[in-house]
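In what follows, a structure is listed as structure tokens, so that the remarks can point back to it.
A note on names: the letters A, B, ... follow the listed sequences, proteins ahead of strands, and every chain is numbered from 1.
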There are 2 protein chains.
Amino acid sequence: MLDTPTRDRRAERHEATRAEILEAAWELVRAEGLAALSLRELAAKVGMRAPSLYSYFDSKHAIYDAMFAEGNRALMERRAALEFTGDPGVDLKRLARLFVQFSAEDPARYQLLFQRTIPGFEPSPESYALAVRILDETRRHLAALGVRGQRALDLYTAMIAGLSAQQLANDPGGDRWLRLIDDAVDMYLEHIRSTHAVHPIPRRARVTSKEARR
Amino acid sequence: MLDTPTRDRRAERHEATRAEILEAAWELVRAEGLAALSLRELAAKVGMRAPSLYSYFDSKHAIYDAMFAEGNRALMERRAALEFTGDPGVDLKRLARLFVQFSAEDPARYQLLFQRTIPGFEPSPESYALAVRILDETRRHLAALGVRGQRALDLYTAMIAGLSAQQLANDPGGDRWLRLIDDAVDMYLEHIRSTHAVHPIPRRARVTSKEARR
DNA sequence: GTCTATATCCAGATAGAC
DNA sequence: GTCTATCTGGATATAGAC
């Protein structure tokens, strides 16, 4: 009698090739722009012909979708690795810096995740759920730091989005807007402290980074 | 002897057709996305075949370039029509509202003017000069309102860019971020008043809207 | 799984008749 | 200025042999 192997070597190899294709796709879009991705070129980069890619992805949009999910997962992991102090002034700056740096370091990824300029591409529900989860974590996190309410949250995201957009559009590779992050967060905190009450959850009851992620 | 006509009716007609083509192009990109513009479709919309467009524009990029210039001119004119009071709290809000509304009302135009996601398209020097001029006017204007220095200007533009980006990406057609403009400008003014001195130029010496445009 | 060959469709741009 | 016809090249996707 033949025992069923506990590892499926074929599936593992399939996954590895998929990952290789995605990595090549990232390199291509970083070099030539998100919209310029072509299956022929992508296949050539991994030593295949274009039709072979269809053994790994159903369509070009499926590749974009996998990249969209990867990008969001990368952001989530980077955020999970952050250490927080419970001090809004410190933590909001770390969060903001994380996001703006993440945006600035890869314009193509920024375009895919946040600008959606690929004609006809919409992320699948599963991939989109990742993006929703990130926003939800941010909401919880800011709430834990004492920043509550839709308006306060929207103002924060607008500020971060603006710093990212300007950095990418007008000083790619530089730090002209990155250097404004601390200033911007101070401005934000001054403001919401003067208009709303800001009460970080006290130390004993504070949510941990892990809990905030739920 | 034949007098030279003072009007060139042929040139006028040519200009009119050019304008008609551009108007059709705007309608197309608003309906189907900036990147989806095709010469065949555009030509059909104005009752021509694709090759005839080449009598009016040298290339597809030349059409984008003309649209880029038109968009910037529209923004410039809208700004020139604004009335200013000299009060930074009032004027900065009017400026901000103008810009965010301008962005929100036409996503395709926003993408063309501020995001540059068309592969291979770069505005011609003449068209780009318009964009530079707008930024320069903003700089002068803010200076006249007492907001000076690169950092202060960059923070302002980031805020406006962020409100626009979020409004377009997450609430197109709505006003969720538009409603935050006054709040954001107040936040900004509170901040720079507490960190830099803000001294609007006194009434007698204040630059007029026309002067600020130089 | 990968290939060749191909289907199908589209694009921007040009030549040259009228 | 506008047209037809065409060039050239690209794309995604599929069929079917190996």
field: B:Phe121 CZ - C:dA11 C1' separation (whole Å)
entry: 18 Å

query: Can you check the A:Leu39 CG to D:dG9 C1' distance for me, whole Å?
result: 16 Å

Identified side chain to side chain contact (heavy atoms under 4.5 Å, CB included) partner of A:Lys45 from the options A:Glu20, A:Glu27, A:Glu23: A:Glu27

- request: From the options A:Ile160, A:Val147, A:Asp183, select the one residue that forms a side chain to side chain contact (heavy atoms under 4.5 Å, CB included) with A:Tyr188.
  value: A:Val147

- prompt: Of A:Arg49 and B:Lys60, whose closest DNA chain C nucleotide lies nearer the 5' terminus?
  reply: A:Arg49

- line: Of B:Arg40 and B:His14, the one whose nearest nucleotide on DNA chain D sits closer to the 5' end is B:His14

query: So do B:Arg18 and B:Phe57 actually touch side chain to side chain, heavy atoms under 4.5 Å?
result: yes

Nearest listed nucleotide, side chain of [X], among [options]:
X: A:Tyr56; options: D:dC3, D:dA13, C:dG1; result: C:dG1
X: A:Met48; options: C:dC3, D:dT2, C:dT14; result: C:dC3
X: B:Pro51; options: C:dG1, D:dT12, C:dT14; result: C:dT14
X: A:Tyr54; options: C:dA13, D:dT2, D:dA13; result: D:dA13

- prompt: Which of residues 16-31 of chain B sit near DNA chain D, with a heavy atom under 4.0 Å from it?
  reply: none

query: With the threshold set at 4.0 Å, does a side-chain nitrogen-carboxylate oxygen contact exist between A:Arg133 and A:Glu137?
result: yes

message: salt bridge (Lys or Arg N to Asp or Glu O under 4.0 Å), that's the test. Do A:Arg139 and A:Asp136 meet it? Break it down for me.
response: CA-CA 5 Å; A:Arg139 192 181 53 71; A:Asp136 199 52; 2.8 Å; yes

task: Examine B:Phe99 together with B:Phe114 and report whether their ring centres are nearer than 6.0 Å.
output: yes

message: Taking any heavy-atom pair under 4.0 Å as a contact, classify B:Ser55: base, sugar-phosphate, or nothing.
response: base

- prompt: Is any side-chain N or O of A:Ser52 closer than 4.0 Å to OP1 or OP2 of C:dG1?
  reply: no

